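Only one structure is covered here, and it is reproduced in the block below.
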Amino acid sequence: MIFAIAACAGFLLVGAVYWLGLDQRLERRGGVASRNAMMLADRLEAPLLFATFAAAASLGFALYSVGWTASLVAAVLLTVLAALEYVNYYLWQLQHFDRSSDFLRLIGSGRTRRSHMARDLALYRRRQR
């Protein structure tokens, strides 16, 4: 459960910091908060992925040892949410129902697009080299 909570909370924290940094960049025309958010997202990607995989491995062991329990079901849900948050922030935009243009693009093309944070993080990583 600890790995599942850490992974899920970590990815949600990265997402919140990213959107806060983006909002501050747009409001103040400054990029410090946005750069700090990208630095955090870059540094936490591997540890949070490790926590997600550790949670999945722990879940497999717990399922084998104890079977299904209420806390195991909660840990499974948190681990799945962490994995989806990783995909949604670091890879592809999964949410297509909040704007009709996103939903129509998904229906028309049949595929998702890169997430905003993934594009910004790729730019940040290119500039760091």
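Keep in mind it's a predicted model, so treat the numbers as computed, not measured.
With Y90 as reference, M117 is the one residue of M117, R114, E85 to meet the side chain to side chain contact (heavy atoms under 4.5 Å, CB included) rule.
Environment of CZ in R119: crowded, with over 12 heavy atoms of neighbouring residues, nucleotides or ligands closer than 6.0 Å. Crowding of L63 atom CG: a count of heavy atoms from other residues, nucleotides or ligands under 6.0 Å exceeding 12.
Here the SG atom belonging to C8 is positioned 11.5 Å from the CG atom belonging to L13, to the nearest 0.5 angstrom. Taken to the nearest 0.5 Å, the CG atom of L22 stands 10.5 Å off from the CD atom of E27. Atom-to-atom distance recorded for Y124:OH and R129:CZ is 12.0 Å, nearest 0.5 angstrom. Here the CD1 atom belonging to I2 is positioned 12.5 Å from the CG atom belonging to L78, to the nearest 0.5 angstrom. With values rounded to the nearest 0.5 angstrom, L44 atom CG is found 11.0 Å from L49 atom CG. Of the inter-residue distances, the one linking R35 atom CZ with Q128 atom CD reads 9.5 Å to the nearest 0.5 angstrom.
L81 and M1 fall into different hydrophobic clusters, where Ile, Leu, Val, Met, Phe, Trp and Tyr are joined by side-chain heavy atoms under 4.5 Å apart, directly or via other members. Each of V17 and L123 belongs to its own hydrophobic cluster when Ile, Leu, Val, Met, Phe, Trp and Tyr are linked at side-chain heavy-atom distances under 4.5 angstrom. Cluster membership check: F3 does not share its hydrophobic cluster with V73, using side-chain heavy-atom separations under 4.5 Å among Ile, Leu, Val, Met, Phe, Trp and Tyr. Taking hydrophobic clusters as Ile, Leu, Val, Met, Phe, Trp and Tyr residues chained together by side-chain heavy-atom distances below 4.5 Å, I5 does not share a cluster with L84. Under a hydrophobic clustering in which Ile, Leu, Val, Met, Phe, Trp and Tyr are joined whenever their side-chain heavy atoms come within less than 4.5 Å, directly or via other members, L77 and L72 fall into the same cluster.
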(message) Evaluate Y18 against M38 for side-chain contact (heavy atoms from CB on, under 4.5 Å), listing each step before the verdict.
(response) CA-CA 7 Å; Y18 168 72; M38 291 295 91; 3.1 Å; yes
(request) Might you work through the side-chain contact (heavy atoms from CB on, under 4.5 Å) test for W19 and V14, ending with a clear yes or no? (result) CA-CA 9 Å; W19 288 110; V14 166; over 6 Å; no
(request) For V32 and N36, run side-chain contact (heavy atoms from CB on, under 4.5 Å): C-alpha distance rounded to whole Å, both residues' side-chain angles, the deciding distance at 0.1 Å, then the answer. (result) CA-CA 6 Å; V32 174; N36 289 341; 3.7 Å; yes
(message) Could you go through W92 and S115, starting from their C-alpha distance and side-chain angles, then the distance that decides it, and tell me whether this counts as side-chain contact (heavy atoms from CB on, under 4.5 Å)?
(response) CA-CA 5 Å; W92 306 289; S115 69; 5.9 Å; no
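The two residues A6 and L48 make their nearest non-hydrogen contact at O-CD2, 3.9 Å. Across every non-hydrogen atom of A4 and A75, the tightest pair is CB-O, 3.6 Å.
Residues Y86 and T52 form no side-chain contact, since every pair of their non-hydrogen atoms from C-beta on lies 4.5 Å or further apart. The closest side-chain heavy-atom distance from W68 to V76 is below 4.5 Å.
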